[in-house]
2 protein chains.
Amino acid sequence: MNRTASIKDVANHASVAVGTVSNVLNYPDRVSQRTKERVLKAIDELGFVRNDAARQLRAGHSRTVGLIVLDVGNPFFTSVVRAAEDAAGLHGSAVLLGDSGHDAGREANYIDLFQEQRVQGLLISPVGDVTERLDLLRERGVPTVLVDRLADESKFSSVSVDDDAGGYLAARHLLDTGRRRLAFVGGPTSIRQVSDRLQGAQRAVKEEAGATLEVLASEGMTVLAGRSVGNMLVERGRDELPDGIFCANDLLALGVMQSLTMTHTFRIPEDVALIGYDDIDFAVSAVVPLSSIRQPTEALGRTAIELLTEEVESQNPVHRAVVFTPELVVRQSTGKA
Amino acid sequence: MNRTASIKDVANHASVAVGTVSNVLNYPDRVSQRTKERVLKAIDELGFVRNDAARQLRAGHSRTVGLIVLDVGNPFFTSVVRAAEDAAGLHGSAVLLGDSGHDAGREANYIDLFQEQRVQGLLISPVGDVTERLDLLRERGVPTVLVDRLADESKFSSVSVDDDAGGYLAARHLLDTGRRRLAFVGGPTSIRQVSDRLQGAQRAVKEEAGATLEVLASEGMTVLAGRSVGNMLVERGRDELPDGIFCANDLLALGVMQSLTMTHTFRIPEDVALIGYDDIDFAVSAVVPLSSIRQPTEALGRTAIELLTEEVESQNPVHRAVVFTPELVVRQSTGKA
DNA sequence: TCGTACCAATGAAACGATTCAAATATTCGC
DNA sequence: GCGAATATTTGAATCGTTTCATTGGTACGA
């Protein structure tokens, strides 16, 4: 096989002009039935495939959208990605996916790559602070939507989830089911998600007379970190135990659950109610199915594409920051006490 | 902002010819220091970014490689993707990632898209059987490497993992630590991975006089499926219990572990040893850290890119099927009995 | 001073698709 | 059968790079 056939080859083979072949591809109605058939036959016989580079060069822009996430392995982003792909598909665009792995260097590489590809726009869950690189993009007029990050509306559009509201939701649920001595597990508080969720929980507790909230700092957000907090709790006397625990994510909650259930001294939810955050797949299949806060990831992905499309199509860029509210998922771990 | 600057704009701004600008970009040595500086300054001032479409049009091929996986959310593929990206980066290529989600239609869309993008080649973990679409690719001379799928070497190169060897490894380990009444949990056996792993386990058991292997069919490969198999085991008397259990993946094993540890009648590993497959993140943070079989995902991704590069660069395509052997990871769940 | 190397810089041609004004063909009413 | 209106087809120009044959300069030895 030498090289792939071009539109010119097709034109020769079908004895028509190149413009006609192009019309068959793009405006079939402008072409008579007879020639259309002839051209399609030629396309088939030569195995012609459109060269997107040429098309794009002429058009001045691609039909792709760049999406850079912090970690494709994270179920949160996986879900966002899938929703974005589907939404983009509806607009006839494809998504170029980049995984920065929390690395600013990789992020920068993808930004450069996508710019060279002349993507229509960029969805990005930025590493750390919004870099000057993003500001540059903005100045160059590349429409950009921040994902999972609240943006200054004067600069970018964004889609994010209200972690404060999620924290409130979780604590409110514990209070609603009769718990009064609550504990929050999470850390370090330098993670914005952690501090926001804590803040929301504190708000809920303040509303309820007689309710208290103890903060238990964890070293990271892993199962093991949760387990060591749990072990610490087990060593306390039964009376000093909180009756409702809110963990800043599901991994922590699963760790706490392991500690508490292993010792068989405490029952979940009878002695202690437990709620996590993120609603990962494992939550439902935990020993005691875990209540959690679910983030509207599909809506995030879909809306991000919509905001981007808006910016691409409108002349004067008006930015919007869309904030979603997460959703409470009740399972056995917070059953009535 | 009008439109982005072209190489011609840069040339004007720096008062040089377009060819010179191109040389600065591609063959800096051919250009004198003085002009190079002038051009770079112009590039900076105009915010020039190469248009990859034009470059690619001229070159006849892109600097990207297509990668289509069954599910980006699956840690196995996530790891393969990351390794492939890194390996491609070393060759100066980028990876276009597509997630077929086990859907033949999405797969087909990505194949078409990538062909229009004139990717250098394609890495694909195909949905179901190798479709005629892949045969078409082959005929068109698009280098293709199958991932996680053993290929007919006369048609494709491939990278895969020897599941039979993995099954053997797991069973052998149980035997080596003194267990004799083994059980295999997995299903349905129509999944190739399941039947291969079982086969390997049977091979190991046959080698050991007096050892037996009982097959416990599960309904799927989830935690819940594992738990129901576990519950069934718990109801058996102590004497009828196997003393070593090999689960076809870690999720099943975690489910079995939940059942066995909850009832506190059986101890892991004293009464029953347990080993899974895949070595997912959760394995290490299970109540009893889970022994498992780790697949060399990084090697898979890296090698896939290498095989592809080989095919791209060589004239006459010689295909190779590289099969990796997985690795045993020993943790507490199979400690000495 | 001249000729020979060598080094830099030039700019037209090419890649493959789309666009669009112009040319040509067809249809329709009468 | 004719002219007007409409439908179809044509092909040159264009997008932004890279390539490469050619030109213009400079240095050096004789």
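Side chains included, hydrogens not; waters and symmetry mates left out as well; all remaining heavy atoms used. Reminder, nothing fancy here: chain letters follow the sequence lines and each chain counts from 1. What you are looking at is a predicted structure, and each value in this text was computed from that prediction instead of being measured.
- The separation between B:K8 atom NZ and C:dA12 atom C1' is 11 Å, rounded to whole Å.
- Side chain of A:L57, nearest nucleotide from D:dT10, C:dT18, C:dG16: C:dG16.
- To the nearest 0.5 Å, the span separating CZ on B:R149 from OG on B:S158 amounts to 10.0 Å.
- Regarding B:R30, its CZ atom lies at a distance of 12 Å from the P atom of C:dA9, rounded to whole Å.
- Residue A:T20 has its side chain nearest to D:dT9 when only D:dT9, C:dA17, C:dT10 are considered.
- One atom, CZ of B:R34, and another, P of D:dG25, lie 14 Å apart when rounded to the nearest Å.
- Atom pair B:Q33:CD and C:dC7:P shows a separation of 16 Å (rounding to whole Å applied).
- If you check every strand for non-hydrogen atoms under 4.0 Å, A:V21 touches nothing.
- Contact annotation: B:R50 reaches the phosphate of D:dT18 (side-chain N/O to OP1 or OP2, under 4.0 Å).
- Computed from coordinates, the B:I43 CD1 to D:dG16 P distance equals 16 Å when rounded to whole Å.
- One finds no side-chain N or O of B:Y27 lying less than 4.0 angstrom from the OP1 or OP2 phosphate oxygen of C:dA8.
- Here the side chain of A:V18 is nearest to one of D:dG16, D:dG11, C:dA17, namely D:dG11.
- Rounded to an integer number of Å, the gap from CD of A:Q117 to P of D:dC15 is 21 Å.
- Residue B:S32 is the one, among B:R58 and B:S32, whose nearest nucleotide of DNA chain C lies closer to the 5' end (criterion: closest heavy atom).
- Within the 4.0 angstrom heavy-atom criterion, base atoms lie near B:G19.
- Note that the OG atom of A:S125 and the CZ atom of A:F76 stand 7.5 Å from one another [nearest 0.5 Å].
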How far apart are the C-alpha atoms of B:K41 and B:D44, what are their side-chain angles, what is the distance that settles it, and do they pass the salt bridge (Lys or Arg N to Asp or Glu O under 4.0 Å) test?
CA-CA 5 Å; B:K41 182 153 160 286; B:D44 193 50; over 6 Å; no
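- Within 4.0 Å of A:N26, counting heavy atoms only, lie sugar-phosphate atoms of the nucleic acid but no base atom.
- Atom-to-atom distance recorded for A:T64:OG1 and A:L97:CG is 12.5 Å, nearest 0.5 angstrom.
- Salt bridge A:E311/A:R320: absent, no basic N to carboxylate O contact under 4.0 Å.
- Distance, A:N51 CG to C:dT18 P: 10 Å, rounded to whole Å.
- Proximity note for A:N23 (side chain, C-beta onward) versus D:dT9, D:dG16, D:dT18: the nearest is D:dT9.
- Checking the phosphate oxygens (OP1, OP2) of C:dA9, a side-chain nitrogen or oxygen of B:T35 falls inside 4.0 Å.
- Taking CZ of B:F114 as the start and CG of B:L96 as the end, the distance is 5.0 Å to the nearest 0.5 Å.
- Proximity note for A:I7 (side chain, C-beta onward) versus C:dA17, D:dT17, C:dT19: the nearest is C:dA17.
- One interatomic measurement links the two molecules: CG of A:D9 to P of C:dC15, which rounds to 10 Å at whole-angstrom precision.
- Proximity note for B:A17 (side chain, C-beta onward) versus D:dT9, C:dT18, C:dT10: the nearest is C:dT10.
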